[in-house]
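We name chains A, B, ... by the order of the sequence lines, and we start the count at 1 in each one.
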Amino acid sequence: MLARSAITARSATLVFSVAGQTRNMATLKEIQTRLKSVTNISKITASMKMIASTKTTRAQRAMNVARAYGQVSNDLIKQAEVEKAAGAKELLITVSSDKGLCGGIHSSLSRYSRKHLAENNEVPVVILGDKAKVQLQRAYPENIRYSFNQLGSTIPTYDESSIIASTILNDKSIEFDNAKLVYNRFVSAISFETDAIECYPVSQIVEAPNFKAYEYQEDVLENLNEFLFANSLHWALVEGHAAEMAAKRTAMENATKNAGDMINRLTLQYNRGRQAVITNELIDIITGASAL
Amino acid sequence: MRRAYASEAAAAPSGGSGKLIVNFALPHQTVLKKHEVNQVDMSAVSGDLGVLADHVPTIEQLKPGVLDIISDAGSTKYFVSGGFAIMNPNSVLNINAVEAFKLEDIDSQAVSAGLAESQRLHSAAKDEKVREAAAVEIELYEALQAALAGKSK
């Protein structure tokens, strides 16, 4: 009696485990597909990290030179202690790029820009790079006067910076006293900070407290200021590029690490599933054999 | 062209050390950084001038020409394409140029060829902008030739 109930119980488990077997097989195939795709992704992110690493070293070298160039150029502003006039008309220039997959680089820039625009609605904006354009176009479409793209794949050259500076300065419809260059300052290989370089008009430079000490030919100041503007823009572009490469390297490193963790987890799951299937098959065989 | 003069004389800020500190930067290269020299001769739009330590602070626009850096070790001549030189009250001379090359690195034959080409472009130009660009090139090549001739003197 007990044996018969035991047999019925076992046949019930037999049916159950057949269904369980099909379920496990489907799950195993799913896990295998996922495992293959995550492995591919991790290979891609690992190679992107390598590329970003080499680009970062080169970009950092260029940044040190461009920073020195920009700082030497701006030394006059610092020594003369030029200040911003109250109620000065501003122009906001957001120094971003076209490329993504670099962590919080572009969102940090557009957040800074949006915060500034929220406090000053009328300020015209020039955007360098498509990524920031997309984000700012949604919030402040009427403020955007110019947008430049084809930026970010290579280290910015002085030619590019001069062209951008000339375009802005030659457009007389954009009136501004001060220009604020919003860019990402390279703090270290793993961190950056969104900051701004301030460009002043000739009128403010002449008013500066320590400026009386300088001798100059009057018509030279306008040229100097345009030169200064192009130099500051070049500095912001090159340093922003270096910060972006470093952030891309960090982002790809994290992505590769996460993909690696996922691969380990899935492999364990796959092996457990495989072993469960084998165990069930064995049970079927053994119970089938002992039932005979 | 009015010239604005310094209103007050600066007290010897180099501390009497008599050294001129030069920062010479290009967009793609930092040529000199906090380099102590004796004198710098340059070719400015307002005329050629030589700057020594404690020179009166001045802002000069550079025209294409020779920049001569004179230190105890000797003199190094660079040809600069243009830029600005600013002498500060603390005896620091900041020079920003777009391009600069040592005179010895410049090939005089390439210069002559370039000058001939620019002159041809200038006379053949129909567009005002093209003619002006060619005129700028001619000025540059002529300055280069003068610089190279001056070196060989």
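Put simply, CD1 on B/Ile86 and CD1 on A/Ile77 are 8.5 Å apart, with the number rounded to the nearest 0.5 Å. The line from CZ of A/Phe211 to CD1 of B/Ile59 is 4.0 Å long, rounded to the nearest 0.5 Å. Atom OH of residue A/Tyr158 and atom CD of residue B/Glu99 lie 10.5 Å apart, to the nearest 0.5 angstrom. Of the inter-residue distances, the one linking A/Gln71 atom CD with B/Lys33 atom NZ reads 7.5 Å to the nearest 0.5 angstrom. Here CD of B/Gln61 is found 8.0 Å from CG of A/Asp219. Values are rounded to the nearest 0.5 Å. In this structure, OG1 on B/Thr30 lies 11.0 Å from OH on A/Tyr69, to the nearest 0.5 angstrom.
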Would A/Asn223 and B/Phe84 satisfy side-chain contact (heavy atoms from CB on, under 4.5 Å), going step by step from the backbone distance to the final call?
CA-CA 9 Å; A/Asn223 294 348; B/Phe84 272 85; 3.9 Å; yes

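Heavy atoms of A/Asn210 lying under 4.5 Å from chain B are absent altogether. Contact of B/Ala97 with chain A is made through the backbone alone, with heavy-atom distances under 4.5 Å.
Contact of the A/Tyr214 side chain with the B/Val56 side chain is not registered, since no non-hydrogen atoms from C-beta on lie closer than 4.5 Å.
Around CD of B/Glu128, the count of heavy atoms belonging to other residues, nucleotides or ligands within 6.0 Å exceeds 12. In A/Glu83, the CD atom is not crowded: 12 or fewer heavy atoms of neighbouring residues, nucleotides or ligands sit closer than 6.0 Å.
Most heavy-atom pairs under 4.5 Å with chain B, from the set A/Leu76, A/Ile155, A/Leu228: that is A/Leu76.
Not a single donor-acceptor pair under 3.5 Å links the side chain of B/Asn88 to the backbone N or O of A/Gln79. A donor-acceptor contact shorter than 3.5 Å links the side chain of B/Thr58 to the backbone of A/Glu215.
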